[in-house]
Every structure is written in structure tokens, then in C-alpha cells.
Amino acid sequence: MDRRNFLRFSAALTGVGVGGLTVAGCGNGAGGAGSGSGTIRVAQYGSAHRMSLFEELFAAYSERQPDAAFTLDAASNDAYIDRLATQVSGGNAPAVMGLFHMAVPQFARQNALVELDPYIGDTLDITSFTDGLVDLGRINGSVQALSYGDNLHGSMYDVDLLESLGKTLPEPGYTWEEYLSFSADITRAVDGDFYGTEDRSDQLDQIFKVWLLQRGKYAYEESGALGFDQTDLADWLELWQMLRDEGAAPPAEITAEAGGTFDSSALIRGYAANHQTYANALASMQALTESTLQLTTIPIDPEGSGSGHFIRGSNWVGLYSQADNPEVAANFLDYAFNDPEGAAILGAEMGAPPNRDVRDSLDYTDPEQNFIDYVDLVTDELADPAITLAQEFPDSWPDLDHAFTEAVDSHRFGRSSVSETVDAFFERVASLIPDSA
Amino acid sequence: MTAVLRRDAVEPTVAGTAGGGRGRQRGKVENRWGYLFLSPWFLGLAVLTAGPMAVSLYYSFTDFALLSEPNWIGTANYERMFTSDPRFLSALSVTLRYVLIGVPLQLAFALVVALLLNRGLRALGLYRALYYLPSLLAGSVAIAVLWRQVFGLEGVVNVMLGFLGWENPPSWIADPEYALYTLILLRVWEFGSPMVIFLAGLRQIPRDYYEASSIDGAGKLAQFFRITLPLLTPVIFLNVILQLIGAFQAFNSAFIISDGTGGPLDSTLFYTLYLYQEAFTNFRMGYASALAWVLLVVIGIFTAANFLISRYWVHYDDGGPA
């Protein structure tokens, strides 16, 4: 090849390259909202195990509905929500979108979700769902998301350890005082850096909400104003200071060392006898340890206005507002929720199956059964009214969440006194949420 | 101006021969091919760098929230940053401490190792590769995870301190007093690439200088301060600029070690980590874009300041040995 031909050749190559890019770009755009020949794109976060269950679910549904075809947009929890938001921003999101609870109001407020009301009672049967649960996803007057499963706050304990110490799992409904002495006993009985309870007092969306609701209060009012005051925060800080002073809970440093993920939790890292989190974490936590884990409630104030435990959705799902075939997608969801075959495939992976009749009829693994029993017990005997996602997660949520963690951490590390911490927190709140000072 | 005009006017007659015309034509053709060859690079620059930068500049003046259309809000993002965002200020302070402590320590350490290696070791290539290894690894997720273990409450460091008689040493990663310093240590450990550059710089210094000075009775220390260091200043300057820019943009280590939170108590909240949180956790793309532009300006100021100051301490040895 002489020089001239070589140049022509490379020019042609460049041309093909650029052309190719353009074509690929168009192809991507035209893929749109999972349209095409009845193909439904389903986005879901979570483990590889969860993804294999979804693939199984697609296969089973396609046998029932031969026209339906699925593609799964899978991602790990970390990488999921920003990618999904980018897809929505580009007008190219999957028709069925798995959503973390705080993402539901975010997406709904930007009109990214289909209003499900027309399908409810028609394509989507909710007659056997726990009362009021569907209303949790009601945002600006219409239901915009449903949960694949019910969930609650809970406390999981290493019962093998308790047994070796001659103790038993605290009965659901045990009091804060019992919790204090029970935890301090364990700390005394075990050598080294080990404590009766972990300290997650800096997590606004966890145990704090339960404790607050026992006082009849919420993190946010329905109006979006802050739902608790200076006294509440001061009491909370003092409660945990007492738990640390009595040796029931670890000092700040060990708590910070443990971290927030399942595998870095104080229970798995071997610093504490329990993990206080969403109850549906039980099976995932159980997979990380040889010891047997079992669920009980968060401690309860016998003088309080309720148990503070409120039913939550575990893993939410919404339909993309630009999707071409919401009817087909809604039908698929109905299969996952209500069909004994569909619901059996997901089992308790996404939370306690929302259809109570189907939930009762399924077989579960041991940790799953423990979780289901716990949800049933608390739902039927103890639970307070549920709180809508719109009330739980207004726009200022991420900033408030961070300010709360910062406040509790600062007090926990001895950087500020209770009154200094409370003052600083409410000063910050005043700038975040103008109408609550 | 007139000179140009006159030249233009004259040119046709001067270049009026057939050969000259062909030459100019060929020049144009060659230029065309030149641009064509450059076009993939230009395309990359326009599509992948300049375009996104322009868009990001635009977004920095909007309330773009990823899910919604951007609305123009003027300089509100920039005002918020400097008037009502305590996290911006703490991120800036954490990053400045990281850069101002980490970079000098890292360069000093790299220089010491380079000096040791420059003493004519037999297996220099092997040592150079070995010492360079951390630089290849240190930015990686695996090393950040390892760092968490090594400096944790029951990590290797505390076990060794225990042997030395320090009972109950703190968790270096989890204590807000110390967490940033473990990240600085990780930075220092990435001394490989500046070391290699130092080593190359050291090899450029002519042996004659040392021989001549030792005849005059200069000791090792005097040689280092009077010969090595002054002649190495251009290389030091290069390393300062490169590492400074790199350190301002550090992200991985803090992201992994703090689980993406920048905690405890925002003590490891690198600027880039805060930017990431605002953009991809809170979807505040407009604000994050503004943060990015402020970072660019900050890096620009530091780099420019270095160039200005360099006049007073960097010596370029133009003459060479006679």
C-alpha cells in the first residue's frame, strides 16, 4: 500500500468509526422505554442471588404469557440509583424500576413514575395486602410505587452467644430498662472489646424513629416541618450516654470502627451481641455468620404512646412514566405479588410477601421463617400506624439525615456537650427547614 | 501594516512560477491530511472534554437535579457554597490539610529513597520496580480496604504498638482526630512515581561536580545542599505540580475507608467525595457542577502561585559542564 492509498484507507476507517458511533447512539435512543416487541426492561439492585430469582420469575411469567419478554438491568446497591436517575434524565429508563424507599418520593416528585391508581383493583389486586400499606406510596394524591414486601424495624441477636451466657432472646416488647441491664450483663460476662448492644443512635432512619414514635412523634410532620424538638434530642443523647457509661454499649471509637454495612456491622465484626436494623436483613446477616441469629423488637417504653414499630415497605417498585406498556408491566407486578407461583419464587427475598394469604402459604428457609413470624407478630399485635414515604422523606431529608448523624457523632466522641449539640443541630435545621426552628 | 500589504502585493510575481504554485498547493493538501490525522483527537477533545466542560459550566448556574429539567438560577449555587454550606468549608479544609501536609511529606520521602537508590546499587532495576509498586497499587480499592484493616482497632499497627507497651491505642481509622492522617500516610506510601522522576533527575547531574567539590574538601552534606538540591530544583518543581494536582483530586482512598461518608465527623470528607455525594447521592447536579468549577479555580490558583514562586527557587542549569 503506497502512502496515498494508506491515507485514503485510514480516512475511510475514521469515517466508519464516526458513523458507527452515530448509529450506535441512535440505536440506544430508539431502545427507549423498554418498548419493542413486548419486551419489558426491569431494573433491580441487590445481590447475584436476587438477580437469579428475578430471571427465574421472568421465565415463569413468560410461560404464562408467551408474548412477554424481559431484560434485567441489574446493579449492586452502590451503583444503582445514580445510574437509574441518569437513565430517567436521558428519557431511557427501564419500565419497571426497583427503588430504595427514599428514592420513591424523589422520583415521584420529578414525575418519573406512573400513577398506579387506575391499575389498582383492576390489573393489580391488593385486597389481601396489609391494611393501609398501599397508601404509603401515595405521593401528591396518587399511588406511585408499591413494595415487593412488608418490613419492620427489629433487633437481631446472636442466640448461641446468649445461650452460652445462660440468657434468652428478649421477649418482643421488652422495656428500655430491661435492655440496659440485659446489655450491661452481657458486656460484663464477655472478655475483651465486646458489648451487649451496638450503638446506632446516629442513624435517623433506624432505631431513633422507633423511639421517637413511642413518644408519639415523627422525624417529620406531615407538613414537612421537623417533628421533634430540643428536649427529644437531648433525651436521646442522654439515653445513649447512659448506655455507654453503664458499659451496655461500646464507646464511640468502636462504633465508628464497625461501620454501617452488613459485613462491617458490630455483630459480624464481633463487637456486639446484636444488630438493630430493618428486620428483612436477617437472612443476609445470617449468611455472614456461623452463629444463629434471631429477631426481636427494639426496646419499648411501657409508658409510651405505642410500640413505635411501624410497618414499612422493604424494597419498592414503580413504573417509568415514559414506558410504552405500563399495563403489561402492572400485570407482571401482579404476578410477582399475588400469584402463588410468582410469589413463591421471590419468597422472602424482597421482604414479607405483601399478599397475606400467599405469605401464609409459602415455604421458607429458617431465617426467612423467623423474619416472617416476626413481621406477622408485630403487624398483628404491636404495630403503630404506618407513615407515608412522602412524610418520611421530604426534599430536605439527605441534609437532615447528615446533620443528625453529625450531631450524635459529635456528642458521642465528646466533642460537644448535650446542650451544645442540641443548639448546633437546631441552628442547622433552621437553615435546612425554614418553617421549623 | 504597510509592509504586509506590500509583501502581499509583491507575492504573486515572486511566487508566480509554476513550481512555487505547486509547492503551495501541496502544502495545503498536506495540511488537510494533517488535520484529518488530528481529527480523532480533536473529536475526542470536543466531545469528551470541552463539550462536557461547557455543559457543566452551564449547569453550575442552574438547579439541575438529574431527574428534572435545569432552571437558570444565576449565581445562587456559588452563593450557597460560601454563605450557608458548612460541609463545603469542612471539605475544603480537609482537602487543603491533605494536600499541604501529604504532598511535601510524600516528595521528601520519594527524594530520600531516590538518593539511596542512586548510590549505585547492583540490582537497581529490581529495587526501582519494587519501590514503584505501591504507586501502581495505592490508588486501588484493594489497598484502601487493606489500609482499613491495618490501621483499625485490632489492626497490625495496633498489635505492634501493643508489643511496644502502648495499651489500648486508638482506632486510627475511626477516630476523627487521626483518620485523615492515615490517608496522608497512604499518600506518602505512593512515593513511587515522584521517586522515579527524582531518580532520572539525579542521573542528569554530572559526576564532575561531585569530583571537583570533593577535591576542594566538600563533605556529603555540603554536596547535597550545594550541588544536588539546586540542580534538582526543576525536577522537584515538576513533581510538586504533578502531585499537588493529583492530591487535590484524590477520591478513592477516602471513599473506601469511610464507606463513602467522609466520616467520622466529616474528618475524611475530601472535596471530590463531597462533590460526588452531592451529585450522585443527592442528585444536586447543578450544585455539584459549581463545586467542580470552584475546585478547578482552586487548583489553578495553587498551580499559578507555584509558577510565580518558582522564579525564586528553581535553577535551570543551562550551561552544563565546560
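Side chains included, hydrogens not; waters and symmetry mates left out as well; all remaining heavy atoms used. Residue numbers start from 1 in every chain, and the chains themselves are labelled A, B, ... in the order their sequence lines are given, proteins ahead of strands.
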Electrostatic pair Asp399(A):Arg284(B) at N-O distance under 4.0 angstrom: yes
Below 4.0 angstrom, N of the basic side chain to O of the carboxylate: do Glu406(A) and Arg87(B) qualify? no
Which atoms of [X] approach chain A - backbone, side chain, both or neither, heavy atom under 4.5 Å:
X         : answer
Ser258(B) : neither
Glu177(B) : both
Ser171(B) : both

Proximal component of [X], with respect to chain B [non-hydrogen, under 4.5 Å]:
X         : result
Asp193(A) : side chain
Ser410(A) : both
Arg428(A) : side chain
Gln106(A) : both
Tyr80(A)  : neither

Can you tell me which of His402(A), Arg415(A), Arg109(A) forms the most heavy-atom pairs within a distance under 4.5 Å of chain B? His402(A)
What residue in Gly152(B), Pro264(B), Ala65(B) has the most heavy-atom pairs under 4.5 Å with chain A? Gly152(B)
Select, from Asn282(B), Asp175(B), Leu66(B), the one with the greatest count of heavy-atom pairs under 4.5 Å involving chain A. Leu66(B)
Report yes if some heavy atom in the side chain of Ser267(B) is under 4.5 Å from a heavy atom in the side chain of Leu180(B); otherwise report no. no
Counting distance only, does the side-chain N/O of Thr187(A) pair as donor-acceptor with the main-chain N or O of Gly247(A) below 3.5 Å? yes
Please step through side chain to side chain donor-acceptor pair (under 3.5 Å) for the pair Gln277(B) and Thr281(B), ending with a clear verdict. CA-CA 5 Å; Gln277(B) 286 180 0; Thr281(B) 313; over 6 Å; no
Taking all heavy atoms of Glu392(A) and all of Trp397(A), pick out the closest pair and write down the distance. O-CE3, 3.8 Å
Heavy-atom closest pair (Glu278(B) atom, Tyr287(B) atom, distance to 0.1 Å) is OE1-CD2, 3.3 Å
Criterion side chain to side chain contact (heavy atoms under 4.5 Å, CB included) against Ile257(B), the qualifying member of Asn252(B), Leu183(B), Thr268(B): Leu183(B)
